[in-house]
Q: 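This is the structure I want to talk about, given as structure tokens.
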Amino acid sequence: MEKSDSIKNIAIAMCKAQGEMGSAIKGEENSFFKKKYADLGAVVEAVKEPFATNGLSYVQFPIESAGRIGIETILMHESGEWISNSFTVQLSKQDAQGAGSAITYCRRYSLQSIAGIPSEDDDGNAASKGNSSPAKPTIGDMDWVNGIKAGTYQVEQINDPVYKAKIQLFIKEGY
């Protein structure tokens with residue numbers, strides 16, 4: 001994460017904006033898992049008004065780094081203060097459609113993260129409900145599992161230790 005020298009005003013504005021924000025509406029259905037999720041449009045709709053009324057705005061730029069594609073999201077305040085972070089993923093499909101899907105995915109999750117909007121597939125929610133059955137891998141998880149099994153990816157490429165452990169567990173469980 002990078003930021004301006006001071007983030008006092010942006011912190012105050014984000015506190016107010018988050019107090020006004022609701023959850024993103026889960027209006028789209030994942031046909032593979034038959035579960036509803038909030039698409040990028042719903043996330044934008046959830047933050048648009050609270051951001052605007054509190055002097056906040058954001059921009060997102062597609063980026064590429066070490067063969068990964070993603071987004072740099074910059075949250076800005078009318079005072080000139082800003083916070084920036086990048087989020088990249090390994091492409092599962094090496095073409096324009098795969099890149100577009102990855103960029104949209106990164107835009108949605110980056111904006112959800114910077115705004116503090118809960119994520120649909122938050123494993124913590126399932127765990128807090130006392131769900132004793134293990135989580136099932138998502139399509140993105142299976143891209144990693146299959147890539148590691150095929151030798152295309154290495155588990156060491158996963159930076160997030162929690163996600164790395166999750167992928168290792170799926171491999172151990174035979175997915």
Side-chain angles (χ1 to χ4, degrees), residues 1-3 7 10-11 13-78 81-126 135-147 153 157-160 162-163 166-167:
M1 179 183 87
E2 296 182 42
K3 61 183 179 56
I7 59 168
I10 202 169
M14 277 300 294
C15 182
K16 291 177 183 177
Q18 287 175 336
E20 297 170 11
M21 272 185 249
S23 297
I25 297 170
K26 298 174 187 173
E28 296 297 315
E29 185 170 319
N30 179 317
S31 59
F32 187 77
F33 291 107
K34 305 290 187 223
K35 289 181 76 177
K36 290 208 173 253
Y37 71 97
D39 67 358
L40 177 59
V43 175
V44 169
E45 190 61 33
V47 304
K48 188 190 310 187
E49 187 68 27
F51 272 20
T53 59
N54 290 287
L56 297 165
S57 62
Y58 70 95
V59 292
Q60 294 181 302
F61 299 99
I63 60 171
E64 183 274 332
S65 176
R68 297 168 63 91
I69 195 154
I71 289 294
E72 178 179 7
T73 300
I74 305 171
L75 176 66
M76 301 169 289
H77 185 256
E78 62 191 10
E81 294 175 352
W82 56 274
I83 299 172
S84 172
N85 202 26
S86 297
F87 173 45
T88 62
V89 295
Q90 189 74 38
L91 288 180
S92 58
K93 190 175 177 188
Q94 299 290 326
D95 63 10
Q97 183 180 4
S101 294
I103 289 168
T104 300
Y105 179 89
C106 290
R107 286 187 66 203
R108 178 167 54 110
Y109 280 98
S110 292
L111 186 54
Q112 280 180 296
S113 295
I114 207 161
I117 296 174
S119 175
E120 162 64 19
D121 60 356
D122 183 359
D123 292 332
N125 285 339
K136 300 284 188 230
T138 66
I139 293 172
D141 296 336
M142 288 309 298
D143 289 340
W144 274 103
V145 169
N146 293 332
Y153 305 140
Q157 292 175 291
I158 303 172
N159 295 326
D160 182 331
V162 175
Y163 189 67
K166 179 180 174 183
I167 296 300

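Keep in mind it's a predicted model, so treat the numbers as computed, not measured.
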Q: Considering all heavy atoms of both residues, which atom of Arg68 and which atom of Gln157 are nearest to each other, and what is their separation?
A: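 Looking at all heavy atoms of both residues, the closest pair is NH1-O, 4.5 Å.
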Q: Between Asn54 and Leu56 (side chain of the first, backbone of the second, donor and acceptor by atom type, cut-off under 3.5 Å), is there such a pair?
A: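 Side chain of Asn54 to backbone of Leu56: no pair is present.
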Q: Looking at every heavy atom in both Trp82 and Ile10, which two are closest together, and how far apart are they?
A: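 Minimum heavy-atom contact is CA-CD1, 4.1 Å.
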Q: If you compare all heavy atoms of Ile83 against all heavy atoms of Met1, which two are closest, and at what distance to 0.1 Å?
A: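 Ile83 and Met1 have their closest heavy atoms at CG2-SD, 3.6 Å.
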Q: Go through Tyr109 and Ile71 one step at a time and tell me if the side chain to side chain contact (heavy atoms under 4.5 Å, CB included) criterion holds.
A: CA-CA 10 Å; Tyr109 280 98; Ile71 289 294; over 6 Å; no
Q: How far apart are the closest heavy atoms of Gly70 and Cys106, and which atoms are they?
A: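 Looking at all heavy atoms of both residues, the shortest contact is CA-SG, 3.8 Å.
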Q: OG/Ser110 to CG/Leu40 distance, rounded to the nearest 0.5 angstrom?
A: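 Result: 10.0 Å between the selected atoms.
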Q: So, does Gln112 use its side chain to make a donor-acceptor pair with the main chain of Ala115 at under 3.5 Å?
A: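 No; judged by distance alone, with no hydrogens or angles, the pair does not exist.
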Q: Does one side chain, of Thr73 or Gln60, offer a donor that lies under 3.5 Å from an acceptor on the other?
A: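 Distance-only check passes for Thr73 and Gln60.
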Q: With under 30° as parallel and over 60° as perpendicular, where do the rings of Phe51 and Tyr58 fit, or are they tilted in between?
A: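 Phe51 vs Tyr58 ring planes: perpendicular.
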Q: Out of curiosity, Ile103 CD1 to Glu64 CD, how far, rounded to the nearest 0.5 Å?
A: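 Rounded to the nearest 0.5 Å, the CD1-CD separation comes out at 10.5 Å.
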Q: Looking only at non-hydrogen atoms, find the nearest pair between Asp39 and Arg108 and report the distance.
A: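 Closest approach of Asp39 to Arg108, heavy atoms only: C-CD, 3.7 Å.
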Q: My understanding is that only one of Met76, Glu72, Lys3 makes a side-chain contact (heavy atoms from CB on, under 4.5 Å) with Ser84; could you say which?
A: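 Testing each of Met76, Glu72, Lys3 against Ser84, the sole residue satisfying side-chain contact (heavy atoms from CB on, under 4.5 Å) is Glu72.
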Q: If I take atom CE from residue Met21 and atom CD1 from residue Ile117, how far apart are they, to the nearest 0.5 angstrom?
A: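 Separation between the atoms: 6.0 Å.
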Q: What distance do Ser113 atom OG and Leu75 atom CG have between them, rounded to the nearest 0.5 Å?
A: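 Rounded to the nearest 0.5 Å, the OG-CG separation comes out at 12.0 Å.
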Q: To the nearest 0.5 Å, how far apart are CD in Glu2 and CD1 in Ile74?
A: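 Reported value, rounded in 0.5 Å steps: 9.0 Å.
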Q: Using side chain to side chain contact (heavy atoms under 4.5 Å, CB included), reason through Leu111 and Val44 one step at a time and then give a plain yes or no.
A: CA-CA 8 Å; Leu111 186 54; Val44 169; 3.9 Å; yes
Q: So, for Leu91 and Gly98, which heavy atoms are closest and what is the spacing to 0.1 Å?
A: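 Residues Leu91 and Gly98, closest heavy atoms: CD2-O, 3.5 Å.
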